[in-house]
Amino acid sequence: MTDIPNTFNLDGEPIRFEPGETILQAALKAGHFIPHLCFSPEFKPHGSCKLCIVVVNNRTGSSCAMKALPGLEVQSDTPDLNHRRRTLLQMLFVEGNHFCPGCEKSGNCKLQALAYDLEMFNDHFTHFFQPREVDASHPDFFLDRNRCINCELCVRASRDVDGKDVFGLAGRGRNSHLVVNSPSGKLGDSTFAKGDKAAEVCPVGALLPKGQGFKKPIGARLYDNAPISQSFGVKEEV
Amino acid sequence: MTEAIVEPEILEPIIARFNGDPGNLLQILIEAQNALDWLSPATQGFIARSLDLPVTRVAKVVQFYTHLYDTPRGKYRVLFSHNITDRMAGSPALMAHMLKRLKLKRGVVSEDGLVSVGKTSCTGMCDQGPAILVNNRAITKLTLRRIDEICDLIRAKAPLANWPAHYFRVEDNIERADMLLGSAYAPGEALRAAIACGPTGMMAEMRKSNLRGRGGAGFTTAVKWEACRDAPGDERYIVCNADEGEPGTFKDRVLLQSFSERVFEGMAIAGYVTGARKGLVYLRGEYTYLRAPLEAKLSEMRRNRLLGMSICGVPGFDFDIVIHMGAGAYVCGEETALIESLEGKPGHPRIRPPFPVTCGYKNKPTVVNNVETLCKVTEVALHGGLAYAGTGTRQSAGTKIISVSGDVERPGLYEYPFGVRVSQVLEDAGAYDAIAVQISGAAGQCLTPQEFGRRIAFEDVPTSGSFMVFGNNRDLFEAALNYAHFFEHESCGFCTPCRVGSALVARIMEKIHSGHGARYEFNELTRISQLMSTSSHCGLGSAATNALQDIMKKFPTAFDRRLIKRDFEPGFDLDAALARAREVSARDDANAHLDAHLAEGADA
């Protein structure tokens with residue numbers, strides 16, 4: 001029996017992987033960027049945002065959920081896939097209410113950073129303008145559902161790391177929205193605390209620390225100087 | 001009207017009956033609502049505390065299933081089936097009539113808290129529509145007169161149990177019977193035949209039969225069973241998918257109503273072959289009326305030792321079946337969403353692999369089979385795999401039940417050997433002026449008369465059984481709009497392309513419908529369809545625009561005659577937006593209208 005090397009090809013480049021790793025995990029570890037929003041190396045793959053789609057054997061799949069196998073030919077950085085990703089971003093932008101110019105998260109926001117990186121120049125679709133509830137009841141954090149993209153990272157962090165189960169995604173279809181586990185449904189009445197893992201995982205500005213504002217000026221932020229495709233391992237300073 | 005007071009004396013026995021098991025959360029919520037009419041925050045809190053769950057877990061489930069209510073919806077909750085066949089049979093006029101009689105707005109509960117009237121996805125009564133559900137009980141063949149009677153009963157606050165029994169009669173309408181619908185059946189015969197073969201022998205018969213799943217995808221049943229049997233695990237499950245939600249399908253309803261022992265015996269045989277000892281039937285909420293007779297049938301089979309311990313006296317052959325109810329979610333027909341729902345969660349499809357055969361219900365090896373597939377298992381047991389494979393076509397063995405509805409003289413069930421031509425079905429059902437047939441529901445394909453020579457089979461036109469016929473006075477755009485609304489409503493919301501895409505498609509279709517759509521919108525539909533079909537998480541999203549794309553390609557005039565000739569027009573009516581200003585200023589002369597100015601501008 002011959003040893004099959006644990007490598008697959010990503011856009012023609014060989015990527016080494018440990019058995020059991022997904023395509024996205026292996027690619028990021030090897031320093032190759034595949035756009036993603038609902039994935040974080042610290043949590044179980046979720047596969048809902050679909051930004052990390054790749055094509056393997058003519059079939060599209062989420063690279064965060066597909067196991068890496070020896071010899072796979074994986075396409076990621078292609079005009080077709082980037083076009084699809086751009087459309088997905090536009091969909092997220094029109095579904096929620098994203099006001100980048102006035103948003104404290106601007107420059108540190110993965111949604112915005114990906115939109116720049118994938119050259120999304122406009123929202124394209126008609127905005128939904130859905131009313132979304134803002135919750136400022138917590139002393140240390142805002143919960144602004146206008147910016148929520150349903151990635152469930154806070155849900156997973158609170159459940160799996162903090163052991164608190166503060167968040168849940170309720171509703172169906174485009175009525176899906178974040179709910180808070182407290183008698184009033186308010187964040188301030190929940191067990192959520194600023195040291196929680198859930199407090200640091202939001203890729204957008206839906207869970208935003210109070211008292212920070214524009215302490216770090218626009219221009220000096222995470223994605224201001226290097227696009228997300230080159231700075232994806234770096235963490236935002238809080 | 002129910003107040004938001006917790007009623008422990010009502011809730012506690014329900015929770016106890018389900019052993020306080022969080023896995024039964026959906027079942028507990030359904031029963032709680034049956035007793036209390038809605039699920040108040042207090043009720044949800046009480047159930048969460050009793051099951052030791054975060055209240056978000058309860059809220060997630062309540063808000064996911066359309067037939068669970070977190071706001072009061074009245075003592076009588078009337079839902080009109082919104083399927084295109086019900087609409088073609090006149091349901092919009094009937095609903096308008098009812099709303100007028102009860103002085104109601106759609107979806108708004110009456111001031112005295114007595115009644116609400118709304119819409120719901122296909123209720124599976126397409127052969128005897130228009131149909132409604134009243135507190136989840138189906139009433140068929142509605143007429144204006146019947147609506148008036150129902151309004152009177154509601155106003156008189158007559159308990160549903162006292163309404164005339166014939167309202168609730170659901171006919172089988174078997175128009176053409178073959179192997180399954182037409183053969184005599186002795187209870188226990190199939191089980192005994194399977195036992196005579198032994199588990200390995202029966203599996204061999206299944207392989208020879210080449211039986212393929214009847215839910216639509218057509219996966220070979222024996223392969224599924226083998227994978228489940230061979231997967232490591234201390235427990236295995238057989239799940240019967242009775243979430244028949246594909247618009248226009250109603251065959252499973254008839255099989256469960258009049259052939260249920262075959263379904264249950266098929267499940268027991270699957271248990272015998274794979275080593276599973278427990279079976280679950282996931283019955284859609286719209287078929288709640290079938291629950292009691294199915295429970296009675298299960299009891300009868302237990303008495304006759306066709307279920308329970310040592311079935312047919314065979315030591316170690318233990319198998320029993322429980323029924324779980326759904327609560328209005330089409331996506332739960334997808335097998336992994338169905339399993340999530342069985343576990344008491346919202347029906348979000350799982351990431352696959354792993355597949356249910358290795359990691360299904362409670363993460364144990366699980367076979368999920370369609371109702372009709374399980375009936376076919378009894379045929380394989382009785383007649384052997386080779387005999388079974390002798391009918392139908394090379395890749396599609398056996399017979400197939402087709403649910404025919406729409407513009408035909410004789411709607412109902414038609415069972416044929418696979419390979420039957422569409423034209424044959426049309427002729428038998430009395431469709432004389434068909435311009436289109438929508439096969440396999442809103443997620444299937446739309447066939448034109450040029451394609452009526454095609455055959456129903458996995459190698460040509462595969463189908464879960466839905467066969468909706470459109471006569472020559474029908475506008476296929478209306479059907480496409482209906483499907484767009486259907487998918488917008490039924491998308492589970494998990495993945496971006498389906499959640500946002502289905503909503504965008506519905507909006508664009510509405511814009512075209514209102515006369516403001518241009519070629520631009522038409523092209524947008526194709527663009528969004530391409531993304532949804534290639535990039536969605538599950539089959540719902542990837543098939544959601546199949547019918548729409550078919551209609552756009554094959555019936556271009558249905559769209560063309562609605563498209564404006566300009567390149568683009570905004571989705572809102574500028575002149576209509578001035579109506580309020582005209583009202584305030586008490587003006588309605590030509591100069592108070594935008595059109596006049598635009599026309600002037602054009603002249604200049």
Side-chain angles (χ1 to χ4, degrees), chain A residues 37-38 44-51 53 55 59-62 64-67 80-81 83-85 87-96 124-126 128 130 149-152 155 158-159 164-185 190, chain B residues 41 45 48 53-66 70 328-331 346-353 487-504 506-508 511 521 524 527-528 530-538 541-542 570-572:
Chain A
L37 281 170
C38 73
K44 247 175 65 182
H46 193 55
S48 70
C49 76
K50 296 292 161 192
L51 261 294
I53 46 172
V55 171
R59 284 188 69 97
T60 302
S62 304
C64 70
M66 290 165 92
K67 290 262 179 288
D80 167 53
L81 280 165
H83 175 74
R84 282 199 249 168
R85 290 180 183 126
T87 309
L88 288 166
L89 287 170
Q90 288 166 328
M91 285 180 164
L92 288 171
F93 269 96
V94 302
E95 183 193 28
H124 187 84
F125 301 112
T126 309
F128 286 18
Q130 293 199 86
I149 54 166
N150 297 354
C151 72
E152 293 191 62
V155 177
S158 183
R159 185 188 60 212
K164 289 186 178 179
D165 247 325
V166 171
F167 301 102
L169 199 68
R172 192 164 91 187
R174 64 185 163 83
N175 296 320
S176 301
H177 62 282
L178 212 53
V179 286
V180 173
N181 182 20
S182 72
S184 60
S190 75
Chain B
L53 288 174
V55 73
T56 39
R57 264 286 310 273
V58 178
K60 269 166 74 166
V61 175
V62 174
Q63 293 181 28
F64 185 84
Y65 295 93
T66 34
D70 59 0
Y330 165 75
V331 70
H348 289 148
R350 293 177 177 175
I351 293 172
R352 302 189 305 175
F487 283 109
E488 182 193 27
H489 180 68
E490 297 296 346
S491 168
C492 82
F494 176 78
C495 74
T496 311
C498 177
R499 182 182 69 242
V500 186
S502 62
L504 285 169
R507 272 151 210 243
I508 292 171
K511 186 175 175 184
E521 274 76 20
E524 282 288 281
R527 200 170 100 95
I528 299 168
Q530 277 164 358
L531 180 75
M532 287 175 73
S533 63
T534 55
S535 312
S536 291
H537 178 65
C538 79
S542 53
F572 52 90

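Residue numbering restarts at 1 for every chain, and letters A, B, ... go by the order of the sequence lines. The figures that follow rest on heavy atoms only: side chains count, while hydrogens, waters and symmetry mates do not.
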ask   = Side chain, backbone, both or neither: which part of A/Val55 has a non-hydrogen atom closer than 4.5 Å to chain B?
value = neither

request  = Identify which part of A/His83 has an atom lying under 4.5 Å from any heavy atom of chain B, answering side chain, backbone, both or neither.
outcome  = side chain

Which portion of A/Val155 sits near chain B, non-hydrogen atoms under 4.5 angstrom = neither

ask   = So, does A/Ser182 use its side chain to make a donor-acceptor pair with the main chain of A/Gly185 at under 3.5 Å?
value = yes

task = Using non-hydrogen atoms and a 4.5 Å limit, figure out which bit of B/Glu490 sits close to chain A: side chain, backbone, both or neither.
result = both

request  = Compute the ring centroids of A/His46 and B/Phe494, then answer whether they are less than 6.0 Å apart.
outcome  = yes

query = Between B/Glu488 and A/Arg174, is there a side-chain N and carboxylate O pair less than 4.0 Å apart?
reply = yes

ask   = Would A/Arg84 and A/Thr60 count as having a side-chain donor-acceptor pair, cut-off 3.5 Å?
value = yes

message = Using heavy-atom distances under 4.5 Å, tell me whether A/Leu51 contacts chain B through its side chain, its backbone, both, or neither.
response = neither

task = With a 4.5 angstrom heavy-atom cut-off, could you sort out which part of A/Leu37 is near chain B: side chain, backbone, both or neither?
result = neither

task = State whether A/Phe128 and B/Arg507 meet the cation-pi test: NZ (Lys) or CZ (Arg) under 6.0 Å from the six-membered ring centroid, and within 45° of the perpendicular axis.
result = yes

task = Check whether A/Asn150 gets within reach of chain B through its side chain, its backbone, both or neither, counting any heavy atom under 4.5 Å.
result = side chain

message = Please classify the contact between A/Leu88 and chain B as side chain, backbone, both or neither, with a heavy-atom cut-off of under 4.5 Å.
response = both

